[in-house]
Amino acid sequence: MTLVRSSLFAPMDKDLLGMVDRMERFLAESRWPVPRDSFAWKPTADAYKEGDTLVLRIEVPGIDPDKDIEISLTENTLHIKGQKSGDKELSEEDRYMSERYFGMFTRDFVIPKGVNPEAVTAQYVEGVLVIRVPIPTEEKPETTMIPISAPAAG
């Protein structure tokens, strides 16, 4: 007895691969006039709590933090805006492969209300933007005892 591997999806796999191949050929031949910078990209980010601080780490290698990144705080939203410039312009004929992203980017992060903007810090370390946001402590209302007065006995 001979075992033959079979897949219910085999006919679809073949069709799918053919469709991907046709789509790649179509895009390569069409030369649509779409500027390379027109596709928005978002740098990857991590956010975590470290004690009483919210830490945001955003990967933005190859950026001059003094010229290419702006960080602002509006109410409880931290805005990060920047631009990553390409190395040198290559024509499509000279380009063999390109997977890196260039151009403008924006990221918005909702942070706790009541953050003191002057306490927020940002550092650029080895291609990673590290922003530290001190989490405000919840102010617990002070308990004030209210005396109860009774009418004078008369």
Side-chain angles (χ1 to χ4, degrees), residues 5-144:
R5 287 193 176 193
S6 174
S7 168
L8 294 173
F9 302 106
M12 289 191 307
D13 289 347
K14 183 178 177 186
D15 290 342
L16 182 60
L17 290 174
M19 183 179 72
V20 169
D21 183 49
R22 286 190 304 274
M23 183 64 105
E24 285 177 350
R25 273 187 284 137
F26 170 74
L27 291 174
E29 293 168 3
S30 68
R31 299 269 187 208
W32 287 351
V34 178
R36 186 164 170 72
D37 293 351
S38 68
F39 297 103
W41 70 283
K42 289 196 309 190
T44 57
D46 292 331
Y48 55 92
K49 189 175 173 185
E50 195 173 81
D52 291 338
T53 303
L54 172 65
V55 180
L56 299 166
R57 296 175 56 88
I58 300 114
E59 289 186 350
V60 285
I63 289 182
D64 182 345
D66 296 326
K67 294 189 295 184
D68 298 330
I69 298 177
E70 290 179 10
I71 304 170
S72 61
L73 181 62
T74 306
E75 293 182 12
N76 67 324
T77 303
L78 186 70
H79 306 282
I80 302 167
K81 177 179 162 185
Q83 178 165 342
K84 184 175 179 184
S85 303
D87 295 335
K88 84 174 193 183
E89 282 299 315
L90 294 174
S91 67
E92 287 301 318
E93 292 80 28
D94 294 334
R95 187 180 311 273
Y96 177 69
M97 178 181 95
S98 181
E99 295 180 344
R100 300 182 319 159
Y101 291 101
F102 300 102
M104 299 289 293
F105 67 87
T106 60
R107 293 295 310 253
D108 290 339
F109 298 92
V110 176
I111 59 174
K113 290 184 179 182
V115 167
N116 176 5
E118 309 225 347
V120 177
T121 62
Q123 288 182 303
Y124 185 78
V125 181
E126 297 180 0
V128 178
L129 180 63
V130 180
I131 302 172
R132 295 182 178 281
V133 180
I135 300 170
T137 56
E138 288 185 36
E139 290 186 23
K140 295 182 180 172
E142 272 187 42
T143 303
T144 305

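Quick caveat: nothing in here was measured; it's all calculated off a predicted structure. Computed from heavy atoms alone, side chains included, the values below leave out hydrogens, waters and symmetry copies.
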Checklist entry - Would I80 and F105 count as a side-chain contact (heavy atoms from CB on, under 4.5 Å) if you check the C-alpha gap in whole Å, the side-chain angles of each, and the deciding distance to 0.1 Å? => result CA-CA 8 Å; I80 302 167; F105 67 87; 4.2 Å; yes
Checklist entry - Does the pair L129 and I71 meet the rule for a side-chain contact (heavy atoms from CB on, under 4.5 Å), with working shown? => result CA-CA 11 Å; L129 180 63; I71 304 170; 4.0 Å; yes
Next on the checklist: Quick one, Y124 with I63, criterion side-chain contact (heavy atoms from CB on, under 4.5 Å). Give me CA distance, side-chain angles, the key distance, then yes/no.
Outcome noted: CA-CA 9 Å; Y124 185 78; I63 289 182; 4.3 Å; yes
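Partner E118 forms a side-chain contact (heavy atoms from CB on, under 4.5 Å) with one of T121, V120, N116 and no other, that one being N116. Among I131, T44, V130, the single residue meeting the side-chain contact (heavy atoms from CB on, under 4.5 Å) criterion with R57 is V130.
With sequence neighbours excluded, the residues satisfying side-chain contact (heavy atoms from CB on, under 4.5 Å) with T53 are V55, R132.
Note that the CE atom of M104 and the CG atom of D68 stand 9.5 Å from one another [nearest 0.5 Å]. Rounding to the nearest 0.5 Å gives a distance of 7.0 Å between OG of S72 and CG of L78. Atom OG1 of T77 is separated from atom NZ of K113 by 9.5 Å, given to the nearest 0.5 angstrom. Taking NZ of K42 as the reference point, atom CD1 of I58 lies at 12.0 Å (rounded to 0.5 Å). To the nearest 0.5 Å, atoms CD (Q83) and CD (E70) are separated by 11.0 Å. Between I135 atom CD1 and E50 atom CD the span is 10.5 Å, to the nearest 0.5 Å.
The nearest pair of heavy atoms linking P112 to P136 is CB-CD, 4.1 Å. Between E75 and L73, the shortest heavy-atom distance links the atoms O-CD1, 3.9 Å. The heavy-atom pair separating P43 from E59 by the smallest distance is CB-O, 3.0 Å.
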